[in-house]
Amino acid sequence: MPNGVNKYQLRHAESKTWYFLKIFHEMNCKQFNSIGLEEVLHALGHLPIRQDAKEAWYLNPFGTESQASFKVDRSRNLWYLFSEGIGGTNTDFMQKYLNMTVKGVLEWASAQSFSSFPQQPEQIRKIPTEYRIDKVQELSHPNLLRYLQERELSAKIYPYVKEVWFTIKNKSYYAIGFENRSGGWELRNPYYKGALLNKDISILHIDPAVQNADYQKIHPDRVPSGPHDGRLDKKIVVVEGFMDALSFIELKEDYQGDLLVLNSTSLIQKAFNSLEGYSDIYLLLDNDKAGRISTTKILNAYPYAEDFSHIYADHKDLNQYLIKKRQASPVPKTKVIPKQENDSTEKHRSYKEEKTRVTKGLRRRM
């Protein structure tokens, strides 16, 4: 005990410290509950089906429904789910949505870009109140193809994405679309990052019987469309965003198995059940706070899972790793050369050696 401090003073100081920590905790809850619930729902990819000045109605964020039964009272900033007879504040909603304690919810919220949270007060999420998807087609727009090239993603990943045209507040947009298992879309272009319709995880199955990426299939429920070795694959890779998924496919072209995309770390709970039955789980989540928390949760639930984020430890995520690798050691472009068999063979060998060197970091143990 420090000199001059008696037991009473020490207990008083400890009590005072606990009191201020409790007040700090309560103020954070109060602050989070003061954020517009519609902003929280939009951050999770949920948009209203109908709304007026007093309330907004959504499909059930906790399950699958065809009719809107989730109501947000705008004036009180409270929610009520009629199909289950429950409701409450933002904190109550996120506790159920993430299956977390209050502390876990606040940690999640502090990592977001909510307009009234002190960490990033300058970033305000604008909630689209009127939107529609106009068309979904094969990827063809030159601006989107160029964007993928800038992310060092080649034509081999085109079968896994679509070109989505959509309208928000009477303004038309187009973006690269990545579908989740609930029919929702993750959207990216050089100037836009968002989601439309239901938010959910995605699961791809890379068919080991087909080596041509043009015929590889996407499976929302991890059930393959055709037989391969007579059983379901027991190997799965978990990534955070679909750009990371595409980067993995780009780097690890010989991979045979399934690929789970969280589409948001807030959906980690939905991934747990989908991981059951896999004997090999490889984690390639982002090297940031949210990614590390998600990695720890999966490792706690599945202790035999393996974390491979050390491969790109100096980079935020797998796509940044791919970009830096390709920029540091660019894959030679195809050139027109004389028809000399020996020279052609040597150049082909050099190309394969270079490509192998670039991707060797992901070839261990998978």
Peer 1: So do the side chains of L144 and L148 get within less than 4.5 Å of each other, counting heavy atoms only?
Peer 2: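 Side-chain contact under 4.5 Å: no.
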
Peer 1: At their closest point, which heavy atom of L98 faces which heavy atom of S266, and how far apart are they?
Peer 2: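 Between these two residues, the closest heavy atoms are CD2-O, 2.8 Å.
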
Peer 1: Looking at K199 and E186, does any basic side-chain N land under 4.0 Å from a carboxylate oxygen?
Peer 2: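 Salt bridge: yes.
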
Peer 1: Between the main-chain N or O of G88 and the side-chain N or O of W79, is there a donor-acceptor pair closer than 3.5 Å?
Peer 2: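 Yes; at least one donor-acceptor contact below 3.5 Å.
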
Peer 1: What orientation do F62 and F70 show, parallel under 30°, tilted 30 to 60°, or perpendicular over 60°?
Peer 2: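 Geometry flag for F70 against F62: perpendicular rings.
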
Peer 1: State yes or no: do M243 and I311 share one hydrophobic cluster built from I, L, V, M, F, W and Y residues joined by side-chain heavy-atom distances below 4.5 Å, directly or via other members?
Peer 2: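 Yes, M243 connects to I311 through the hydrophobic network.
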
Peer 1: Check E38 with R74, please: is the shortest side-chain N to carboxylate O separation under 4.0 Å?
Peer 2: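 A salt bridge is present here (some side-chain N lies under 4.0 Å from a carboxylate O).
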
Peer 1: Output yes when K162 and E138 qualify as a salt bridge under the 4.0 Å nitrogen-oxygen rule, no when they do not.
Peer 2: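 Yes, charged N to carboxylate O under 4.0 Å.
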
Peer 1: Is there a side-chain contact between L204 and D258 (heavy atoms, below 4.5 Å)?
Peer 2: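 Not touching, per the 4.5 Å side-chain cut-off.
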
Peer 1: Answer whether the closest heavy-atom distance between the side chains of F308 and H310 falls below 4.5 Å.
Peer 2: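 Sidechains of H310 and F308: in contact.
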
Peer 1: Measure the shortest side-chain to side-chain distance between S294 and E240 over non-hydrogen atoms and say whether it is less than 4.5 angstrom.
Peer 2: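 Answer no - side chains too far apart.
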
Peer 1: Out of curiosity, Q95 CD to L106 CG, how far, rounded to the nearest 0.5 Å?
Peer 2: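 Going from CD on Q95 over to CG on L106, the span is 9.0 Å.
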
Peer 1: Would you say L275 ends up clustered with I293 if hydrophobic residues are merged whenever their side chains have heavy atoms under 4.5 Å apart, either directly or through other cluster members?
Peer 2: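 No; tracing contacts between hydrophobic side chains, which count when under 4.5 Å, never links both residues.
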
Peer 1: Could you walk me through whether Y80 and F82 satisfy the ring pair (Phe, Tyr, Trp, His ring centres under 6.0 Å) test, starting with their C-alpha distance in whole Å, then the side-chain angles of each, then the deciding distance to 0.1 Å, before giving a yes or no?
Peer 2: CA-CA 6 Å; Y80 190 80; F82 285 85; 4.8 Å; yes

Peer 1: Judged by atom type as modelled, is there a donor-acceptor pair below 3.5 Å linking the side chain of N60 to the main-chain atoms of S83?
Peer 2: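 It does not hold such a pair.
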
Peer 1: Just verifying a value: how many Å separate R181 CZ and L260 CG, rounded to the nearest 0.5 Å?
Peer 2: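 The distance works out to 8.0 Å.
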
Peer 1: Could you go through the side chain to side chain contact (heavy atoms under 4.5 Å, CB included) check for L283 and I298 one step at a time?
Peer 2: CA-CA 9 Å; L283 308 180; I298 295 176; 3.7 Å; yes

Peer 1: If you apply the rule side chain to side chain donor-acceptor pair (under 3.5 Å), what do you find for S247 with D244, and how did you get there?
Peer 2: CA-CA 5 Å; S247 299; D244 299 316; 5.2 Å; no

Peer 1: Looking only at heavy atoms, what is the nearest atom pair of Q51 and P48, with distance?
Peer 2: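 Nearest heavy atoms, Q51 then P48: NE2-CG, 3.7 Å.
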
Peer 1: When rounded to the nearest 0.5 angstrom, what distance separates NZ in K30 from OG1 in T89?
Peer 2: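 Those atoms lie 13.5 Å apart.
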
Peer 1: Any side-chain heavy-atom pair from F242 and I176 closer than 4.5 angstrom?
Peer 2: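 Yes, side chains in contact.
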
Peer 1: Please test Y255 against F248 for ring pair (Phe, Tyr, Trp, His ring centres under 6.0 Å), starting from the C-alpha separation and ending with a verdict.
Peer 2: CA-CA 9 Å; Y255 173 73; F248 177 81; 5.0 Å; yes

Peer 1: Might you work through the salt bridge (charged side-chain N to carboxylate O under 4.0 Å, His left out) test for K96 and E84, ending with a clear yes or no?
Peer 2: CA-CA 12 Å; K96 178 174 173 60; E84 296 185 21; 3.5 Å; yes

Peer 1: Can you tell me how far the NE2 atom of H141 sits from the CG atom of N189, to the nearest 0.5 Å?
Peer 2: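 CG of N189 is found 10.0 Å from NE2 of H141.
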
Peer 1: Measure across W165 and S172 and return the closest heavy-atom pair with its distance rounded to 0.1 Å.
Peer 2: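 Taking every non-hydrogen atom into account, CE3-OG, 4.0 Å.
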
Peer 1: Can you tell whether the side chains of D73 and K71 come within less than 4.0 Å, N to carboxylate O?
Peer 2: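 Not counted as a salt bridge, because no side-chain N and carboxylate O are separated by less than 4.0 Å.
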
Peer 1: Could you please spell out the steps behind the side chain to side chain contact (heavy atoms under 4.5 Å, CB included) verdict for I203 and L259?
Peer 2: CA-CA 6 Å; I203 301 181; L259 182 57; over 6 Å; no

Peer 1: Supply the atom-to-atom distance R146 CZ to N143 CG, rounded to the nearest 0.5 angstrom.
Peer 2: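 Separation between the atoms: 5.0 Å.
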
Peer 1: So, applying ring-ring contact (aromatic ring centres under 6.0 Å, His included) with H46, which one of Y97, F93, Y58 is it?
Peer 2: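 Answer after filtering Y97, F93, Y58: Y97.
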
Peer 1: Would you indicate whether the side-chain heavy atoms of L81 and S69 approach each other to under 4.5 Å?
Peer 2: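 Touching, per the 4.5 Å side-chain cut-off.
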
Peer 1: Below 4.5 Å, heavy atoms only, C-beta onward: do V72 and W57 meet side chain to side chain?
Peer 2: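 SC-SC contact between V72 and W57 ruled out.
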
Peer 1: Does one hydrophobic cluster hold both L197 and F166, with members joined at side-chain heavy-atom distances below 4.5 Å?
Peer 2: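 Hydrophobic grouping puts L197 with F166.
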
Peer 1: Tell me whether L59 is reachable from L41 by hopping between hydrophobic residues (I, L, V, M, F, W, Y) whose side-chain heavy atoms are closer than 4.5 Å.
Peer 2: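 No.
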
Peer 1: Treating Ile, Leu, Val, Met, Phe, Trp and Tyr as nodes and any side-chain heavy-atom pair under 4.5 angstrom as an edge, say whether L262 and L299 lie in one connected cluster.
Peer 2: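 As far as the 4.5 Å side-chain criterion goes, L299 and L262 are connected within one cluster.
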
Peer 1: Would you please test Y173 and T167 for side chain to side chain contact (heavy atoms under 4.5 Å, CB included) and show each step?
Peer 2: CA-CA 6 Å; Y173 303 90; T167 299; over 6 Å; no

Peer 1: If you compare all heavy atoms of M94 against all heavy atoms of V40, which two are closest, and at what distance to 0.1 Å?
Peer 2: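 Heavy-atom minimum between the residues: SD-CG1, 3.8 Å.
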
Peer 1: Would you check if the side chain of Y302 reaches a backbone N or O of F272 as a donor-acceptor pair within less than 3.5 Å?
Peer 2: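 Flag set: sc Y302 to bb F272 pair under 3.5 Å.
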
Peer 1: Given 3.5 Å as the limit, does a donor-acceptor pair link the side chain of D280 with the main chain of I236, or not?
Peer 2: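 Flag not set: sc D280 to bb I236 has no pair under 3.5 Å.
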
Peer 1: Check the pair S202 / N263 against side chain to side chain donor-acceptor pair (under 3.5 Å), numbers first and verdict last.
Peer 2: CA-CA 7 Å; S202 302; N263 291 318; 3.0 Å; yes

Peer 1: So which atom in I201 and which in S274 form the shortest heavy-atom distance, rounded to 0.1 Å?
Peer 2: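 Closest pair (atom of I201, atom of S274, distance): CD1-OG, 3.6 Å.
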
Peer 1: Of all residues at least two apart in sequence or in a different chain, which pass the side chain to side chain donor-acceptor pair (under 3.5 Å) check with K316?
Peer 2: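 Only D286 meet the side chain to side chain donor-acceptor pair (under 3.5 Å) criterion with K316.
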
Peer 1: State whether the side chain of N319 and the backbone N or O of R151 hold a donor-acceptor pair below 3.5 Å, judged by distance alone.
Peer 2: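 Judged by distance alone, yes, a pair lies under 3.5 Å.
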
Peer 1: Answer yes or no: is there an ion pair linking E250 with R326, defined by an N-O contact shorter than 4.0 Å?
Peer 2: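 A salt bridge is present here (some side-chain N lies under 4.0 Å from a carboxylate O).
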
Peer 1: Using 30° and 60° as the class boundaries, would you call the ring planes of Y321 and H315 parallel, tilted or perpendicular?
Peer 2: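 Y321 vs H315 ring planes: perpendicular.
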
Peer 1: As a quick check of understanding, evaluate side chain to side chain donor-acceptor pair (under 3.5 Å) for Y282 and D307, giving each step before the final call.
Peer 2: CA-CA 6 Å; Y282 305 116; D307 177 19; over 6 Å; no

Peer 1: Check whether the side chains of N33 and T91 place a donor and an acceptor atom closer than 3.5 Å, and report yes or no.
Peer 2: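 Note: N33 and T91 side chains meet the donor-acceptor criterion.
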
Peer 1: Minimum heavy-atom separation for A175 to L187, with atom names?
Peer 2: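 Where A175 meets L187 most closely, the heavy atoms are CB-CB, 4.0 Å.
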
Peer 1: When rounded to the nearest 0.5 angstrom, what distance separates CG in L322 from NZ in K324?
Peer 2: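 Here the interatomic distance stands at 11.5 Å.
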
Peer 1: Any chance you could lay out the side chain to side chain contact (heavy atoms under 4.5 Å, CB included) test for H42 and L47, step after step, and finish with the verdict?
Peer 2: CA-CA 6 Å; H42 180 253; L47 297 174; 3.2 Å; yes

Peer 1: Under the rule for salt bridge (charged side-chain N to carboxylate O under 4.0 Å, His left out), what residues qualify as partners of K270, not counting sequence neighbours?
Peer 2: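 Testing K270 for salt bridge (charged side-chain N to carboxylate O under 4.0 Å, His left out), a comparison that skips the adjacent residues, returns none.
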
Peer 1: Would you call K325 and E152 a side-chain contact if the rule is heavy atoms closer than 4.5 Å?
Peer 2: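 No, their side chains stay 4.5 Å or more apart.
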
Peer 1: Do the side-chain N and O atoms of S182 and N198 include a donor-acceptor pair separated by under 3.5 angstrom?
Peer 2: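 There is no such pair (donor and acceptor under 3.5 Å, judged by atom type) between the side chains of S182 and N198.
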
